[in-house]
> 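Once you've had a glance at the structure underneath, I'll fire off some questions.
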Amino acid sequence: MGDGQYDTEFDGDQLFYVDPFTYRAVPRLPEFAKHLMFDLKLAGDTYVSLGTCKYNIPRAIAGEHHPPEAIAIPTAMIYPKQAMELHVPNTLICSVNDLHPPTVAITWTRNGQPVDESDVSQTQYYSNSDLSFRISSYLDFSPQESDIYSCSVDHISLREPLTKFWEVSVHTDQQVVETAVCVGGVILGLTGVVTGLWFIMKANKSSQV
């Protein structure tokens with residue numbers, strides 16, 4: 001995984017990771033950073049752990065006669081972080097899961113054009129219990145009516161990028177009225193059917209008497 005990754009997770013969520021270049025701990029959620037207490041030995045332990053992995057992994061591969069690398073096809077989904085309102089800043093999340101190996105490229109477009117990369121951020125790789133990985137990419141945006149966003153995932157398991165689309169859709173007052181009228185019509189129709197059946201049953205009982 002490049003220069004490696006050293007992190008600590010709790011209940012499936014990453015608490016922090018250690019930058020492999022500076023060996024400094026980086027909280028996954030900066031707003032909770034003040035609640036995290038980092039061991040002073042963390043930088044040294046990380047250096048030793050990553051070095052041990054880099055030393056042992058190629059020897060383990062050779063010892064197993066270079067087995068083929070497990071390759072898993074990723075899945076992806078795209079959704080807004082908050083309830084969508086036009087012109088109100090929001091964040092689109094592209095969640096990529098079940099991938100292996102953990103090397104993936106995620107790109108965004110708006111109406112077919114690449115977005116500004118300064119609006120994009122992403123997590124480190126998270127590990128799953130089945131030894132696959134997941135990662136999320138975030139796009140800060142302001143919803144504009146009829147805009148179409150896409151998130152494309154490029155991975156070694158794919159012949160072509162996996163692309164998911166999300167369109168800004170607005171429920172206007174007219175649509176709400178039309179929906180209410182439609183629902184009211186259905187309810188009225190069902191009421192008529194029930195009433196008709198009641199009269200038929202009543203008529204049948206009267207004729208039998």
Side-chain angles (χ1 to χ4, degrees), residues 1-79 81-82 91-108 114-140 151-164:
M1 202 187 306
D3 290 286
Q5 178 176 316
Y6 185 102
D7 63 8
T8 295
E9 298 179 9
F10 175 76
D11 197 22
D13 289 325
Q14 185 184 67
L15 299 180
F16 67 88
Y17 69 93
V18 179
D19 187 296
F21 299 102
T22 64
Y23 292 99
R24 292 182 178 179
V26 181
R28 169 68 188 89
L29 297 173
E31 56 267 35
F32 296 118
K34 62 182 180 181
H35 300 293
L36 290 176
M37 299 295 293
F38 297 112
D39 192 327
L40 296 178
K41 298 180 180 179
L42 181 60
D45 291 344
T46 302
Y47 181 83
V48 172
S49 295
L50 292 179
T52 300
C53 288
K54 290 179 180 179
Y55 179 85
N56 287 331
I57 287 177
R59 286 162 177 76
I61 292 174
E64 294 294 329
H65 306 292
H66 299 276
E69 184 174 35
I71 296 179
I73 300 175
T75 60
M77 61 186 300
I78 180 173
Y79 54 92
K81 182 178 181 180
Q82 301 172 341
T91 301
L92 276 180
I93 302 174
C94 183
S95 178
V96 184
N97 202 358
D98 303 321
L99 67 141
H100 195 280
T103 303
V104 68
I106 303 173
T107 55
W108 291 88
V115 301
D116 188 336
E117 287 300 317
S118 65
D119 295 327
V120 178
S121 61
Q122 69 181 37
T123 66
Q124 298 291 304
Y125 291 98
Y126 286 55
S127 59
N128 295 323
S129 59
D130 62 358
L131 302 184
S132 65
F133 292 85
R134 67 188 187 278
I135 189 172
S136 293
S137 179
Y138 301 91
L139 172 64
D140 295 329
C151 166
S152 294
V153 179
D154 196 7
H155 186 255
I156 190 174
S157 65
L158 302 169
R159 292 185 177 181
E160 58 183 28
L162 171 64
T163 302
K164 296 293 182 179

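In what follows, every heavy atom counts, from backbone to side chain, and hydrogens, waters and symmetry copies are set aside. Computed from a predicted structure; not experimentally measured.
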> So which heavy atom on H100 is nearest to which on F133, and how close?
CD2-CE1, 3.7 Å

> Can you tell me how far OG1 of T75 sits from CG of N97, rounded to the nearest 0.5 angstrom?
5.0 Å

> Using only atom types and a distance under 3.5 Å, with no angle test, would you say the side chain of H155 pairs donor to acceptor with the backbone of P101?
yes

> Would you name the heavy atoms of T103 and Y125 that are closest together and state the gap between them?
CA-OH, 3.4 Å

> Determine the minimum heavy-atom distance between T163 and S152, stating which atoms define it.
OG1-OG, 2.8 Å

> Checking N128 side chain against D130 main chain: does a donor-acceptor pair fall under 3.5 Å?
no

> What closest approach, in Å, do P67 and I61 show between heavy atoms, and which atom pair accounts for it?
CD-O, 3.8 Å

> First locate atom CD of Q82, then atom CD1 of I93, and finally report the distance between them rounded to the nearest 0.5 Å.
9.5 Å

> Does atom CD1 of I73 have more than 12 heavy-atom neighbours from other groups under 6.0 Å away?
no

> If every non-hydrogen atom of S127 is compared with every non-hydrogen atom of R134, which pair is closest and at what distance?
O-NH1, 3.1 Å

> Hey, mind stepping through V153 and V104 against side-chain contact (heavy atoms from CB on, under 4.5 Å) and telling me if it holds?
CA-CA 7 Å; V153 179; V104 68; 3.3 Å; yes

> Could you give the distance from CG (D140) to OG (S118), rounded to the nearest 0.5 Å?
9.0 Å

> Are L92 and I78 side-chain neighbours, meaning at least one heavy-atom pair lies under 4.5 Å?
yes

> Out of curiosity, D119 CG to T91 OG1, how far, rounded to the nearest 0.5 Å?
9.5 Å

> Just wondering, do L158 and P74 contact through their side chains at under 4.5 Å, heavy atoms?
yes

> Considering non-hydrogen atoms only, spot the tightest contact between Y55 and R59 and give its length.
O-NH1, 2.8 Å

> Taking the side chain as everything from C-beta on, heavy atoms only, tell me whether Y126 gets closer than 4.5 Å to S136.
no

> For I156, does the CD1 atom have more than 12 heavy-atom neighbours from other residues, nucleotides or ligands under 6.0 Å away?
no

> Could you tell me if the side chain of I135 sits less than 4.5 Å from the side chain of I106, heavy atoms only?
yes

> Could you give the distance from CD1 (I71) to CG (L99), rounded to the nearest 0.5 Å?
11.5 Å

